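Sequence lines set the chain letters: A, B, ... in the order given, protein chains first and strands last, and positions in each chain run from 1. Model, not experiment: these values are computed from the prediction.
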2 protein chains.
Amino acid sequence: MYDELKYWYLRDHKLFWTLSMSQIKQLCIITGFKKAKKGDIIYFSSSDLPRVFLLKKGNIKIVAVDEEGNETIKDIIQKGDLFGELSLESDTDSNEYAKALTDEIIICSFLLSDFEELLLKNPSLALSYTKFVGLKMKRIKNSYSNLISKDAKTRLYQFLKDWAEKEGKRTGNRVVIENYLTQNDMAQVICTSRQTATQLLNEMETKGLLLYSRKEIIIEDITKL
Amino acid sequence: MYDELKYWYLRDHKLFWTLSMSQIKQLCIITGFKKAKKGDIIYFSSSDLPRVFLLKKGNIKIVAVDEEGNETIKDIIQKGDLFGELSLESDTDSNEYAKALTDEIIICSFLLSDFEELLLKNPSLALSYTKFVGLKMKRIKNSYSNLISKDAKTRLYQFLKDWAEKEGKRTGNRVVIENYLTQNDMAQVICTSRQTATQLLNEMETKGLLLYSRKEIIIEDITKL
DNA sequence: ATAAATTTGTCAGCTAGTTTACAACTCAAG
DNA sequence: CTTGAGTTGTAAACTAGCTGACAAATTTAT
């Protein structure tokens with residue numbers, strides 16, 4: 001049963017669709033599980049062997065801490081996302097941790113070295129993975145060039161649109177997003193100050209574009225964003 | 001002789017070191033050559049089949065044109081760099097062209113589909129390639145987070161340091177860089193206005209940190225940047 | 001229930017960097 | 001040797017967004 005679950009976790013991910021069930025069964029590369037509750041901090045012990053993680057349930061944020069102790073959000077990871085050493089190179093110096101944003105978090109992980117071996121044995125998987133990483137790169141490039149060339153307002157709008165598309169529950173043009181981020185979190189993601197984000201969100205609320213609360217964000221008409 | 005050259009071009013690239021000479025000979029994936037002179041514009045015809053390019057000689061810049069006709073520098077490609085559809089997905093919508101920055105440009109290219117087939121046959125190459133893309137991604141992330149969190153001055157200093165390291169000729173702490181960029185180009189790369197870049201460069205010159213001319217940039221003491 | 005901590009709302013002052021505008025310089029092509 | 005296009009130098013006016021500061025609201029812990 002336990003093993004079944006492991007395989008299912010992999011099977012569930014797009015990336016592994018090219019493999020047959022029996023192939024997946026042979027792999028058995030998942031080596032770790034982790035559960036967490038809201039607010040919990042999940043450390044990636046750098047002493048440990050490099051790993052690739054798969055977030056099965058919930059949402060977490062990756063926070064980087066610099067020399068002066070300033071915290072910046074590196075990434076928001078959503079259900080189904082693969083994260084960690086995607087570049088297949090271990091990141092030594094970075095001081096990062098993950099923080100659970102929602103109530104119940106399930107993360108499973110496998111060793112980078114196991115994964116590499118697997119890729120070597122499955123050329124088609126290697127190719128899919130390469131495409132996967134490439135796609136990720138394209139997305140990152142895109143969002144960064146947004147950050148740089150667009151103003152804060154446009155960035156917030158884009159962020160909300162993306163979020164709504166990924167996780168919102170849509171009925172007609174109305175979208176409801178479960179809000180697990182604070183305004184400060186959002187501000188950091190779109191690289192602006194908390195105050196500016198607050199201002200913009202209130203402005204949108206006055207305009208009737210959305211309804212903000214700590215629990216959920218309701219966008220009345222997604223096409224108007 | 002001509003074929004020899006092709007193979008050598010691949011052989012020369014880090015990425016293909018894992019392959020034996022005979023393996024490389026079997027590939028014969030290079031399908032196109034292009035030469036250009038300073039100022040020439042090299043279009044990537046979107047109607048054509050998607051390709052991966054390898055810049056053998058010279059420097060070029062990738063310029064994106066948006067709806068309003070504004071041009072922004074996407075990338076500066078240097079000798080030995082692989083560029084194009086690295087994500088292994090063809091980019092349909094983007095309107096980009098490359099412009100030759102130095103006198104003699106040699107670009108060779110191969111079809112994306114050929115490359116994919118090659119990766120399928122050589123899992124270890126696929127793995128190296130993924131690592132390669134991953135590394136590129138890491139670099140991009142890094143430079144973008146510089147763009148976002150640091151001020152224009154720091155960004156220019158960092159840009160010059162990187163440039164010096166990659167292409168400068170160093171004697172002791174003195175570095176000479178062949179300057180194929182205008183101040184406007186540099187400004188765009190570090191995402192600031194031309195005027196700010198000019199101001200900063202002049203400031204550095206008055207401080208005795210460097211000597212700027214259209215032909216070359218001389219950094220008197222790289223450790224002082 | 002009460003205290004403590006976190007999150008949100010709002011405002012005035014400030015600053016880095018943009019924009020606009022123009023002059024001076026450099027260089028390649030007739 | 002001129003001409004004109006491209007590049008560089010400089011300055012004033014302007015502005016988006018940051019900082020700091022504080023109050024109010026809300027959540028969590030005791």
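- Each end of the helix from C:dA1-D:dT30 to C:dG30-D:dC1 gets its own axis, taken as the rotation carrying the C1' atoms of four end pairs onto the next four within a five-pair window, and the two axes meet at 50° to the nearest 10 degrees.
- Look at A:Asn202 and you'll find a side-chain N or O under 4.0 angstrom from OP1 or OP2 of C:dG9.
- Exactly one residue among B:Glu167, B:Arg214, B:Lys215 makes a side-chain hydrogen bond (donor to acceptor under 3.5 Å, both in side chains) with B:Tyr180. That residue is B:Glu167.
- Atom CG in B:Leu181 sits about 18 Å away from atom P in D:dG6, given to the nearest Å.
- Proximity note for A:Arg214 (side chain, C-beta onward) versus D:dT19, D:dA25, C:dG17: the nearest is D:dA25.
- To the nearest angstrom, P of C:dT19 lies 12 Å from CG of B:Asn184.
- Between B:Ala197 and B:Gln183, the shortest heavy-atom contact is CB-O, 4.1 Å.
- If you check the side chains of B:Asn59 and B:Glu178, you find no donor sitting under 3.5 Å from an acceptor.
- Regarding A:Lys38, its NZ atom lies at a distance of 15 Å from the C1' atom of D:dA29, rounded to whole Å.
- Minimum heavy-atom separation, B:Ile190 to B:Ala152: CD1-O, 4.2 Å.
- Going from atom OH of B:Tyr180 over to atom C1' of C:dC27 covers 21 Å, rounded to whole Å.
- For C:dT20, its base sits under 3.5 Å from the side chain of B:Gln195 at one donor and acceptor pair at least.
- Across B:Leu181 and B:Phe159, no two heavy atoms sit closer than the pair CD1-CZ, 3.8 Å.
- Taking atom CG on A:Asp185 and atom P on C:dT6, their separation rounds to 13 Å, with Å as the unit.
- The shortest distance between side-chain heavy atoms of A:Val65 and A:Tyr97 falls below 4.5 Å.
- Following rounding to the nearest Å, B:Ile148 (CD1) and D:dA16 (P) show an atom-to-atom distance of 20 Å.
- Residue A:Thr198 places none of its side-chain N or O atoms closer than 4.0 Å to OP1 or OP2 of C:dT7.
- An OP1 or OP2 oxygen of C:dT18 is reached within less than 4.0 angstrom by a side-chain nitrogen or oxygen of B:Thr196.
- Along DNA chain D, the nucleotide nearest A:Arg155 and the nucleotide nearest B:Leu201 are compared for position; the residue whose nucleotide lies closer to the 5' end is B:Leu201.
- Rounded to whole Å, the distance from CG on B:Asp103 to P on C:dA28 is 10 Å.
- Residue A:Thr192 places at least one side-chain N or O closer than 4.0 Å to OP1 or OP2 of D:dC18.
- Rounding to whole angstrom units, OH of residue A:Tyr212 and P of C:dG9 are separated by 7 Å.
- Nucleic acid contact for A:Thr182: sugar-phosphate only, since backbone atoms but no base atoms lie under 4.0 Å from a heavy atom of the residue.
- For D:dG9, the OP1/OP2 oxygens have a side-chain nitrogen or oxygen of B:Gln183 closer than 4.0 Å.
- Counted by atom type alone, B:Asp151 and B:Thr154 present one or more donor-acceptor pairs between their side chains at under 3.5 Å.
- Residue B:Gln199 is out of contact with every strand shown, counting any heavy-atom pair closer than 4.0 Å.
- Of the two residues contacting DNA chain D, namely A:Lys215 and A:Asp151, the nearest-nucleotide position lying further toward the 5' end is that of A:Asp151.
- Using the six-membered ring where Trp is involved, B:Phe132 and B:Tyr129 have ring planes that are parallel, under 30° apart on the 30 and 60° scheme.
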